[in-house]
Structure formats: structure tokens, C-alpha cells
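Here the structure is laid out as C-alpha cells; the discussion comes afterwards.
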Amino acid sequence: MASATMVDNSMKTLFWAWLHLLCLFNMGFSDEADVVNIGAIFSFGTINGKVAKIAMAAAVQDVNSDPTILPSSKLVLSMHDSNFSGFRGIIGGLQYLEGDTVAIIGPQTSSMARSLSHLANELHVPMLSFTALDPILSSLKYPYFIQTAPNDLFQMAALANTISYYGYREVVAVFPDDDQSRGSISALAEKLADRLCSISYKAFLSPDSLATTQEITKQLLKISLMESRVIIVHASPPIGLEIFNVAYRLGMMEKGYAWFGTSWLSTVLDSTVVSAETAKSLEGALTFRPQTPDSDRKRAFLSRWDKLSNGSMVRLNPYGLYAYDTVWLIARAVKMFKDRGRVISFSNDSIWDGLTRFEGGEELVRCILDTNMTGLTGRIAFDAHKSVMNPVFEILNVVGNQTGNYRSIGYWSNESGLSISSSPAVVWPGRPTVKPRGWVFPAHGRKLRVGIPNRVNYEVFVSRDENTNEIRGYCIDVFIAAIKLLPYPVPYEFVFVGDYENGVNPLYNVLTNMTATNAFDAVVGDITIVTNRSKIVDFTQPYIETGLVVVAPVRRLNSSPWAFMRPFTLSMWGVTWTFFILVGVVVWILEHKLNDDFRGPPRKQLITIIWFGFSTMFFSHRENTVSTLGRMVILIWLFVVLIITSSYTASLTSILTVQQLSPSIKGIESLISSNERIGFQAGSFSQNYLIEELNIPKSRLLPLTSPQHSADALTRGLVAALVDERPYVDLFLSKYCMFQIVGRQFTRTGWGFAFPRDSQLAMDMSTSILTLTENGELETIHKKWLNIGACGGGGEDSEQLQLKSFSGLFLICGGVCIVALVLYFGSILKKFKQYSEPSMGSSTTSTSSTSLRLKRLLSFIDMKEEEPAPRKHLEMHADNK
């Protein structure tokens with residue numbers, strides 16, 4: 001009995017197995033098996049939805065008309081209108097997943113795609129979209145979701161590259177707060193950061209086309225008060241057009257602004273006719289469009305479009321071409337799937353009540369990604385990240401106030417990068433062809449808070465007048481001159497930082513940190529540009545070069561054969577020798593008429609002048625002076641010579657006889673190895689440099705709070721040398737001449753003004769500083785405040801006698817010479833008048849009388865009036881007798 005029961009059960013099992021196989025066999029060869037079902041989920045009231053509907057229907061027709069693609073099958077496309085509703089889109093997706101659908105085209109938005117992709121992952125149904133282009137959807141998290149158009153990561157790379165090309169560093173992004181926009185804007189921020197640019201403000205709008213005109217107006221008014229004038233609009237076409245309309249009414253589509261619209265704007269320009277007012281509001285904007293190469297197939301499809309659209313007002317755009325190619329991509333993937341011996345089959349899963357799982361879904365995904373075909377959009381192939389290969393975007397400029405009036409200005413390729421055409425010029429909002437600066441200082445903003453160091457020493461750089469409370473100094477003058485050159489007004493106020501009453505300079509690292517934390521909008525002063533500060537703030541172009549040098553109390557050994565020249569400076573030598581000759585000339589003028597020692601042939605008189613002048617240096621002149629004026633000049637000059645020679649002798653004696661040791665510190669290298677203490681200016685960056693860069697122990701460093709403190713420390717030997725920046729050292733040595741710079745300058749940097757990171761004002765101020773350099777104004781300011789005299793910078797020997805020390809004596813001597821010459825030539829003029837008067841009783845004035853007066857004048861110049869005949873003449877007269 002049991003055995004019979006077992007046989008009976010075996011027969012039943014075999015029967016049901018045979019019946020099941022028969023059903024499967026009949027299904028494989030029935031008419032239903034010849035149908036390949038695909039679905040599409042779109043909002044067909046949108047621009048892309050309208051274009052995609054026409055293009056997909058045409059593609060299905062063309063696929064079924066080609067016997068080489070699916071010869072024994074028929075492609076059937078079902079379309080579901082989500083009608084701008086995410087819920088309706090999900091319902092449509094569930095309907096397709098309940099049936100035997102091998103692939104779904106769509107959905108249209110990324111937020112809906114994220115929801116349906118989880119179902120697709122479970123039911124192994126591939127989803128292909130050319131409009132849901134959030135870069136996140138290309139990740140491994142969504143293995144069954146494939147983007148058949150370039151995702152927004154590439155478009156944002158093109159946008160960031162274009163923004164960087166035009167020199168903009170900060171932009172404002174306006175976009176709806178939904179999944180698709182957030183992912184795309186995050187990609188934009190990443191690509192901008194790669195080019196040292198950033199999004200300064202994100203203007204969020206309500207998602208799903210819910211943003212109102214009032215909300216848009218509120219955001220744009222806020223943006224109009226900001227610095228950045230570069231605005232990016234990433235939205236759906238209705239919201240995007242309303243943003244531009246509101247911006248136009250607010251005067252934000254005028255000169256000075258730069259507007260960028262993502263591919264939604266090119267879609268509007270390609271496919272619709274906008275009003276004249278809307279077209280005017282778009283003029284000057286730049287937008288991006290996926291570039292599709294020209295081909296015979298593309299031109300043929302364009303010629304068919306009017307017939308396919310059945311008189312519809314919607315025109316073809318690139319996303320219509322992607323819709324057409326997506327259908328063909330599925331058809332070719334299904335063909336490859338079948339060619340690999342796979343059978344389209346579905347199974348019910350008890351977990352998903354009513355839903356079916358596509359058993360070959362994983363294989364079909366591989367077939368889609370392995371497809372390499374040429375479509376209306378060009379080559380269709382995918383890389384390892386499921387992204388279409390070699391995407392290219394065309395850059396368009398809206399140049400007219402009528403719809404469709406735009407032109408191409410360049411291209412961006414994932415392989416070759418950005419290429420901008422040099423002609424024609426880009427037309428920007430307000431119709432200028434000159435690139436907008438991209439930012440302005442807010443007209444309604446608060447004053448720029450500028451931090452400045454409240455220095456207790458070296459106040460020539462930054463100081464405050466105690467009487468007038470005026471802030472002044474070299475750094476202040478440079479800042480004011482630079483800010484006046486900006487093409488826009490910048491109101492500012494200075495804020496002192498430092499404990500001036502207690503005699504403490506501020507720490508400059510603290511100042512720059514306050515800028516980085518936005519406690520200040522800028523820091524102006526003697527701020528050195530160093531690496532650790534540049535990491536947290538942006539510096540302007542340096543307005544003065546600087547670097548660290550070593551100062552020590554040393555003098556050079558006098559082993560030079562020209563040491564005898566060192567007591568006087570070059571100018572002192574020149575003036576002294578000039579006066580030797582000048583005095584010789586003056587004495588000759590005063591004496592040659594009365595003194596035979598100064599008469600004779602011209603050559604003899606010239607030698608006498610030179611000899612007499614220089615012989616007074618040693619008081620050894622042999623010529624006597626007989627005139628009162630000559631004796632007066634000689635008396636004053638010999639007094640000057642006495643002072644000069646005495647000073648020269650004393651200085652030369654000191655130079656040659658006082659023992660002078662060669663310095664043990666010859667530069668930074670010997671200072672490091674000496675193990676002696678080193679002084680530095682408290683608050684400067686030199687301490688960190690000596691410790692971190694030169695590895696000098698902190699115990700060897702002594703902070704010095706003032707120039708007097710530094711001089712005292714060097715004099716008393718508390719430190720072997722002082723390490724400080726060159727501008728400070730030059731001022732220090734102009735007062736303390738007993739110290740000198742030793743060795744070379746061992747760092748090279750500069751002073752600049754500090755601004756927060758990515759500050760446009762820093763760039764414009766750098767341009768102003770370069771202008772000050774080129775027009776010479778920076779040098780004028782430098783001479784005004786840093787015109788170092790005497791031994792400034794240690795360039796001259798402190799023991800040299802300066803010209804200014806003897807200027808009084810030379811002025812007195814020169815004055816006496818001038819007075820003597822005036823009196824002498826006055827007497828000549830008086831005699832000239834006497835001899836030039838005609839004789840009394842003369843009745844005629846003839847040529848002979850004129851000659852007679854001339855002879856009298858000449859005889860006066862040469863004769864010795866009221867002087868006895870020279871001894872030589874008397875002796876000759878006696879011999880004649």
C-alpha cells in the first residue's frame with residue numbers, strides 16, 4: 001500500500017514537471033514572447049518631456065523597422081506621465097515593475113531616480129535616464145541606474161573652468177533645494193575648489209517648482225547687497241526664467257554683472273519661443289549645451305522633426321537626440337543579450353507582492369555598458385564609472401533681445417579642456433564687451449574694519465599723532481594711495497591692536513589670525529609675508545622688499561693701502577679740493593693788479609693760482625698778499641684749513657693707531673655655530689624663523705623691545721648679534737652708527753596687506769600697488785618716510801668725517817670770497833666811470849676821443865695807482881743812466 005502510494009506521488013510529480021516545461025515552451029514561442037517591453041516615466045508637460053516623447057516614439061518605430069536589430073521581436077514602449085509629481089512617478093515605476101518590463105527610460109528628475117533605483121536594484125530592472133544627471137547616481141550604490149547623457153559632474157567642470165578662465169574667484173549659486181540641484185552644486189563647489197575658486201553664497205529656493213516670485217525677489221535683493229557679481233542659475237526652465245525676469249526688473253542684468261545658466265537655459269533657447277521681455281532679460285548670459293557632432297543621420301532626423309512633431313511648437317534640442325539614442329541603446333543591448341544565448345524571463349518574489357524580478361537584468365546591464373555604437377549624439381560608449389565617454393559642452397552667449405539669438409563662443413571637452421574663441425567678443429549684461437570685474441564692494445555694507453599694529457617703536461611705519469589723533473606712517477600712506485586707485489569706493493576704519501601704554505608691540509601672528517577669523521576685514525602694517533600666514537590669509541602684492549640680516553658691533557681691520565682716504569667722505573674730499581682752487585682764483589683776482597707775485601705770462605699766473613691754493617694746506621705759500629681784501633680772504637681760509645687739517649689728522653690717527661679687532665660674527669652661519677645669544681625684535685616673525693628653520697634653541701634667543709634696548713644689549717654684550725628685517729635695521733643703524741650689518745641677507749620676502757582667504761579686494765589692491773610702483777608714487781612715499789641719512793644701513797664708516805660737519809666753515813669762507821669780489825669789482829666800476837667821462841671844454845665827440853678813453857681804461861686796469869715803481873724797473877732805469 002505504501003509502495004503504491006509512493007509510485008502514485010512520483011507520477012504526479014513527473015506530470016506537473018512536464019506540464020510546467022510545456023507551459024514554458026509555449027510561452028517561449030507565443031506572440032507575447034516576441035514583445036520586448038520597455039517603459040518611460042516623464043513629465044510630458046515639460047520641454048524635455050515633450051521633446052523626449054516625440055523622439056522616443058520615432059526611435060521605437062525605427063528600431064522595429066530595422067530587421068537586423070530584433071528580427072524575431074517587437075519593441076513596445078509604454079509612457080507614463082508623472083505630471084510633475086514624484087508620487088505619480090513612483091506609481092508609474094511600480095506599474096512597470098509589476099509587468100514584464102526589461103528596462104525603464106527615466107525618470108526625469110534625480111530625486112525620483114533615487115527612490116526608484118532602490119526598487120530597480122531589488123528587481124534587477126535597468127533604468128536609463130538622460131535628464132536625471134545628479135553625479136551621485138553614477139556611483140556603485142546604483143548599479144542598475146545608467147545615465148545616457150553627460151552627468152552634471154562634467155557640466156560643472158566646464159562651468160568651473162569657464163569661471164576660472166575669466167578670472168573670477170567667488171560666485172553666487174541660485175538653485176532649488178532638491179536632490180538633483182544639491183548634488184550638482186556640490187560637484188560645482190568641488191570643481192571650483194580645484195581652481196582656487198569658491199561659492200561665496202548659496203541661495204536656496206523651494207523645490208519642485210514651488211518657488212514664488214516673492215521668494216526669488218527676496219533672494220536676489222540679498223544677493224545685490226553682496227560683493228560677488230558672478231551669479232550661477234541651476235534650476236528647471238520655469239524657475240530659471242523667472243529668476244532672470246526678476247533680476248532684470250531689479251537692475252541686476254546691467255553692466256558689472258556676469259550671469260551663467262546651466263544647460264536648462266540652452267534647452268529653453270533651443271526648443272521654445274520666449275516673450276520679448278524674457279528674451280531681453282536673458283541678454284548677456286552664458287549657458288552650456290551638450291555638444292553633438294554633425295552627421296548625415298542627425299541632419300536626416302532634423303529634417304523629419306516637423307513631421308514627427310505634427311506641427312507642435314516645441315523644437316528639437318540635444319536631449320531629444322539623447323532620448324532617441326537611449327531607445328536604440330536598449331534595443332542593441334537586448335540584441336546582444338539574446339546573441340549571448342540569454343532568455344528574457346521574470347520570476348515572482350514572495351517578498352515583493354505583485355512585482356516581478358527580471359532574471360537577466362544583471363546581464364542586460366552588462367550588455368548596455370558594453371555597447372559601442374554611433375547614434376545621433378555621436379559615439380555612445382561608457383567608461384568604468386558608467387559615464388558616457390568623452391563628453392563635450394558648447395558654451396553659448398545670448399547676444400540679442402529676441403528668442404534664439406545666441407552664438408557659440410567656445411567648447412569644453414573632458415579630454416582637451418576649455419577652448420574659448422577670441423572672436424567675436426562676448427557680450428555681457430548691459431551689452432559691454434569688456435569682461436565685468438565680477439565683484440564690487442557693497443554700497444550698503446558696513447565700513448571695512450582694518451586692523452593696524454599699535455607700535456611702540458619704529459613708529460615711522462605706523463603711528464598715531466597724540467595731538468590730532470591722525471593715523472599716519474609709511475604703511476598707512478601706501479594703503480591709502482592704493483585704495484584710492486580702486487575703481488569703486490571702499491569706506492574703511494582703522495582699529496589699533498596692541499598694548500601701547502605698557503610698551504608692548506602686538507604679535508603679528510595674532511593680527512593675521514584675527515583676519516582669518518573675520519574679526520578684521522584686513523590688516524595693514526609692516527606685516528611680513530611668510531608661509532604660515534599665507535596659509536590662512538591672502539596677501540597683496542608686496543609693497544616693499546625685506547629680509548633678515550645680522551647686525552653686530554664690529555669694525556673692519558684697516559689693512560687697505562688707501563686707508564689715508566677714509567677720514568673724509570667722497571663729498572668732503574670734493575668740496576675741500578674745490579675750495580683750494582677757488583681761494584687761489586679769488587686771491588689772484590684781488591692781487592694781480594697790485595702784486596708782482598701774481599703777474600706775468602698767463603702760464604705763470606695759472607701755475608701761481610694752483611700752487612698758492614694748495615700750498616695753503618700746509619701754510620707754506622711763498623706769495624705775499626698786499627691788498628686788504630686779499631689778506632682778509634687768506635685769514636679766513638687759513639682758519640678753515642687749520643680746522644680741516646686738525647680734524648683730518650685726528651681722524652686718521654684714530655683709524656691707524658686704535659686697535660680694531662676682526663669680528664667673530666661674520667654672518668648667519670658663524671652666528672649659528674657660535675652658541676652665543678641672539679637678539680630679535682619682540683613680536684616679529686624672526687623668532688619663529690630662527691627656531692623652526694635654523695633650529696636655534698629658544699634659550700639662545702633674547703627678545704628686544706625697542707631700538708634702545710637693542711643697542712644696549714649689543715653694547716653690553718648681552719647678545720652677540722641682532723637678527724631683524726632690513727627696513728628696521730636701516731632705521732636702527734641710521735641712529736646707532738657703531739653697529740654694522742655683517743654677512744649677507746639670508747631671507748628674501750616682503751611686506752603686504754592681509755585679507756581673508758579668497759578676497760577679491762586683495763587682488764584689486766595688488767593691482768593698485770603695481771600701479772603705484774609703475775607711476776613712481778610708491779618711491780615717493782618711500783623717500784618721504786624712509787629717507788635714511790648719515791650711516792643709514794651701515795653703508796658708510798662711522799668714523800668718516802661728513803661734509804655737513806664743516807658746512808658752516810665752507811659757507812663762511814665762500815661768503816667772504818663773494819664779499820671781497822663784490823667790493824673789488826665795485827672799485828673797478830667806479831674807476832671805469834671816471835675814465836670814461838669826456839674832457840671839459842671838448843666841443844666834439846669823435847672817434848679819436850673814444851679811443852682815448854678806452855686806452856685810459858686799459859691803462860687803469862694794468863697800472864699800479866699810488867704805488868712806487870717796482871724795484872726791478874728802478875734798477876733798469878739806473879743801468880740806463
Side-chain angles (χ1 to χ4, degrees), residues 43-50 82-86 108-111 131 171-182 184-185 188 199-288 313-314 398 400-406 428-430 440 442-444:
S43 293
F44 292 114
T46 64
I47 295 175
N48 283 335
K50 294 175 182 179
S82 60
N83 196 22
F84 305 97
S85 171
Q108 188 168 348
T109 63
S110 296
S111 57
T131 55
V171 300
V172 172
V174 185
F175 58 95
D177 189 13
D178 54 34
D179 288 341
Q180 177 158 323
S181 298
R182 281 197 300 268
S184 300
I185 295 301
L188 174 62
I199 300 176
S200 61
Y201 179 71
K202 295 179 181 179
F204 296 97
L205 301 175
S206 297
D208 299 327
S209 301
L210 298 178
T212 63
T213 300
Q214 183 179 3
E215 181 183 1
I216 294 172
T217 302
K218 182 180 178 180
Q219 285 288 3
L220 292 185
L221 284 174
K222 187 183 298 184
I223 293 171
S224 68
L225 300 178
M226 297 178 181
E227 297 180 0
S228 179
R229 286 293 184 265
V230 182
I231 304 172
I232 297 169
V233 179
H234 182 67
S236 62
I239 297 300
L241 291 177
E242 184 62 18
I243 291 172
F244 276 96
N245 282 329
V246 173
Y248 181 76
R249 292 195 296 270
L250 294 177
M252 297 176 66
M253 292 300 297
E254 298 296 331
K255 183 179 179 181
Y257 283 89
W259 286 81
F260 293 83
T262 51
S263 58
W264 69 266
L265 180 53
S266 65
T267 298
V268 171
L269 298 175
D270 283 333
S271 299
T272 65
V273 177
V274 299
S275 65
E277 182 181 357
T278 299
K280 189 179 297 184
S281 71
L282 298 173
E283 187 176 18
L286 271 63
T287 184
F288 297 81
M313 294 298 292
V314 65
V398 184
N401 55 11
Q402 295 180 357
T403 182
N405 197 356
Y406 57 86
W428 300 93
V440 295
H444 305 290

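Below, each value reflects all heavy atoms present in this structure, side chains not excepted, and no hydrogens, waters or symmetry copies. Everything numeric here is computed off the predicted structure, so don't read it as measured data. Numbering of residues begins at 1 and proceeds along the displayed sequence.
- Contact detail for P237 and V268: the closest heavy-atom pair is CB-CG2, 3.5 Å.
- Of all heavy-atom pairs spanning G256 and R229, the tightest one is O-CB, 3.3 Å.
- Taking every heavy atom of both residues into account, L205 and Q219 meet most closely at CD2-CG, 3.9 Å.
- Taking every heavy atom of both residues into account, G240 and V233 meet most closely at CA-CG1, 4.2 Å.
- R249 and T213 make their closest contact through NH2-CG2, 3.8 Å (heavy atoms, listed as atom of the first residue, atom of the second, distance).
- Defined by atom type and a distance below 3.5 Å, a donor-acceptor pair is present between the side-chain atoms of E215 and S206.
- Here CG of L250 is found 10.0 Å from CD1 of I223. Values are rounded to the nearest 0.5 Å.
- To the nearest 0.5 Å, atoms CD1 (I231) and CE (M253) are separated by 8.5 Å.
- Side-chain polar atoms of Q108 and S82 form no donor-acceptor pair below 3.5 angstrom.
- Taking the six-membered ring where the residue is Trp, F260 and F288 present parallel rings, their angle staying beneath 30° rather than reaching 60°.
- Between W259 and P429 there is a side-chain heavy-atom pair separated by less than 4.5 Å.
- Here the side chain of S271 pairs no donor or acceptor atom with the backbone of V314 at under 3.5 angstrom.
- Contact of the D178 side chain with the S111 side chain is not registered, since no non-hydrogen atoms from C-beta on lie closer than 4.5 Å.
- With rounding to the nearest 0.5 Å, the separation of CG in N48 from NZ in K50 is 11.0 Å.
- Judged purely by atom type and a 3.5 angstrom limit, S266 uses its side chain to pair as donor or acceptor with the backbone of S263.
- Here the closest non-hydrogen pair linking S228 and V230 is OG-N, 3.3 Å.
- Once rounded to the nearest 0.5 Å, the distance linking CE of M226 with CG of L221 reads 11.0 Å.
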Quiz prompt | Worked check of side-chain contact (heavy atoms from CB on, under 4.5 Å) between F175 and I243 | solution = CA-CA 10 Å; F175 58 95; I243 291 172; over 6 Å; no

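- At least one side-chain heavy atom of H234 sits less than 4.5 Å from a side-chain heavy atom of I185.
- For the atom pair CD (Q214) and CD1 (I216), the distance works out to 11.0 Å, reported to the nearest 0.5 Å.
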Quiz item: When you look at L241 and W264, which way does the side-chain contact (heavy atoms from CB on, under 4.5 Å) test go after all the steps?
Solution: CA-CA 10 Å; L241 291 177; W264 69 266; 4.1 Å; yes

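- For the atom pair CG (L286) and OH (Y406), the distance works out to 13.5 Å, reported to the nearest 0.5 Å.
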Self-check item: Derivation of the side-chain contact (heavy atoms from CB on, under 4.5 Å) call for L282 and Y248
Solution: CA-CA 8 Å; L282 298 173; Y248 181 76; over 6 Å; no

